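Predicted model, so just to flag it, every value in this text is computed and none were measured. Numbers restart at 1 for each chain; the letters A, B, ... are given by sequence-line order, proteins then strands.
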Protein chains: 2
Amino acid sequence: MKLSTRSRYGLLAIIDLAINQEKGPVPLREIATRQNLSENYLEHLVGALRRAELIQSVRGPAGGYYLARPPEEISLGAIIRVLEGPIAPVECSHLDEEGCLSPEDCFIRGFWEDLRVEVNQVFDARTLNDLVQKARYFKSISGCLSSSKGEEE
Amino acid sequence: MKLSTRSRYGLLAIIDLAINQEKGPVPLREIATRQNLSENYLEHLVGALRRAELIQSVRGPAGGYYLARPPEEISLGAIIRVLEGPIAPVECSHLDEEGCLSPEDCFIRGFWEDLRVEVNQVFDARTLNDLVQKARYFKSISGCLSSSKGEEE
DNA sequence: ATAAAACCTATCAAAAAAGTCGGAATTAAA
DNA sequence: TTTAATTCCGACTTTTTTGATAGGTTTTAT
């Protein structure tokens with residue numbers, strides 16, 4: 001029931017993006033350098049965020065990424081679901097009929113479904129903007145989330 | 001952000017236990033047979049539940065397992081945390097100072113901590129008794145959760 | 001004694017996650 | 001119109017976690 005590094009890295013990246021996009025699209029290289037993450041690996045995560053239309057890209061020189069919507073319209077839940085897959089306690093609760101022999105007779109299905117909804121609400125109640133606000137409060141968004149020593153400067 | 005089969009199997013086992021313990025300690029063999037799970041594998045899960053003092057055991061012939069407390073005093077959260085590890089979005093939110101270079105300067109720490117608390121509340125708001133009540137409503141607790149075809153009857 | 005059970009630990013296999021790599025497509029600018 | 005900066009794609013490898021098995025040891029009612 002933990003989030004993987006995909007979420008940690010991906011979230012770091014999108015926060016970095018939100019903070020640095022004022023001067024135009026932010027190249028992945030810069031994000032990777034600032035956050036001390038593997039650019040190659042970030043590529044996959046950012047690709048997923050783009051396909052989910054949370055961010056957009058500009059190709060070619062001076063290209064990079066930017067948010068597809070203002071940060072207050074991007075929920076934490078939306079980001080995490082992209083990076084981590086559906087937030088679901090057990091698989092069957094987000095499946096349709098298949099994979100469950102008799103949905104109506106499965107006493108546990110509704111139970112999980114309720115749980116899933118509530119957990120998602122917890123995540124959806126927060127937005128990227130909340131994170132950006134907190135991040136601005138500090139000099140650097142390195143630290144707990146990244147593995148860097150955060151001592152640049 | 002999914003639960004593993006540890007949770008599914010372990011939960012099945014403890015529900016089975018809650019339902020069948022009236023006639024004395026329930027041997028693992030019976031649970032494994034009823035739920036169509038590997039007895040060897042269940043051993044590990046049940047061992048963890050015992051060490052966490054959610055269930056207790058009687059050794060020797062006619063031995064088996066029984067709940068350490070009434071089912072309404074065993075929260076879903078407690079069970080899941082035993083089987084799955086702490087319900088935590090990122091590792092640092094349940095660690096002490098170590099692993100986090102500067103807790104006070106880590107802008108994201110409090111954020112995750114709040115999230116963790118809320119997610120745990122969702123799980124802790126449900127008890128084993130809720131599950132048992134639902135299960136009694138049906139003939140068998142096989143079905144979605146187990147991989148058996150649930151056609152024994 | 002015997003046998004039924006919990007209990008323990010090592011090992012293995014399979015799956016998922018994490019990370020790397022080489023190159024193709026795009027495009028601004030020299 | 002070449003160059004170089006960038007996104008984009010997909011195959012691959014490595015590492016970690018999960019799921020599962022197996023053999024042996026206690027414990028204890030009968």
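Backbone-only engagement by B:Arg50 is indicated by non-hydrogen atom pairs under 4.0 Å involving sugar-phosphate atoms exclusively. The residue A:Val58 sits close only to the backbone: its heavy atoms come under 4.0 Å of sugar-phosphate atoms, none of a base.
Comparing B:Ser38 and A:Ala62, the nucleotide of DNA chain D nearest to each residue sits closer to the 5' end for A:Ala62.
Donor-acceptor pairing under 3.5 Å, judged by distance alone, is present between the side chain of A:Arg59 and the base of D:dT7.
Considering every non-hydrogen atom in both B:Ser7 and B:Leu83, the closest pair reads CA-CD1, 3.8 Å. Shortest non-hydrogen contact noted between B:Glu72 and B:Thr127 is O-CG2, 3.5 Å.
Within the structure, ring pair (Phe, Tyr, Trp, His ring centres under 6.0 Å) contacts touching residues 13-62 of chain B (residues at least two apart or in different chains) are B:Tyr9-B:Tyr41.
Chain A approaches DNA chain C over the interval C:dA18 to C:dA28, counting the first and last nucleotide 5' to 3' with an atom under 4.0 Å from its heavy atoms.
A salt bridge does not link B:Arg8 with B:Glu84: none of the charged nitrogens is closer than 4.0 Å to a carboxylate oxygen.
Look at B:Ser4 and you won't find any side-chain N or O under 4.0 angstrom from OP1 or OP2 of D:dT17.
Side-chain proximity of A:Arg51 to D:dC9, D:dA20, D:dT7: nearest is D:dC9. Considering only the side chain of B:Asn40, D:dA22 comes nearest among D:dA20, D:dT7, D:dA22.
Remark: the B:Gln56 side chain and the B:Tyr66 side chain contain an N/O donor-acceptor pair separated by less than 3.5 Å.
Rounding to the nearest 0.5 angstrom, the gap separating the CZ atom in B:Arg50 from the CG atom in B:Leu45 is 13.0 Å.
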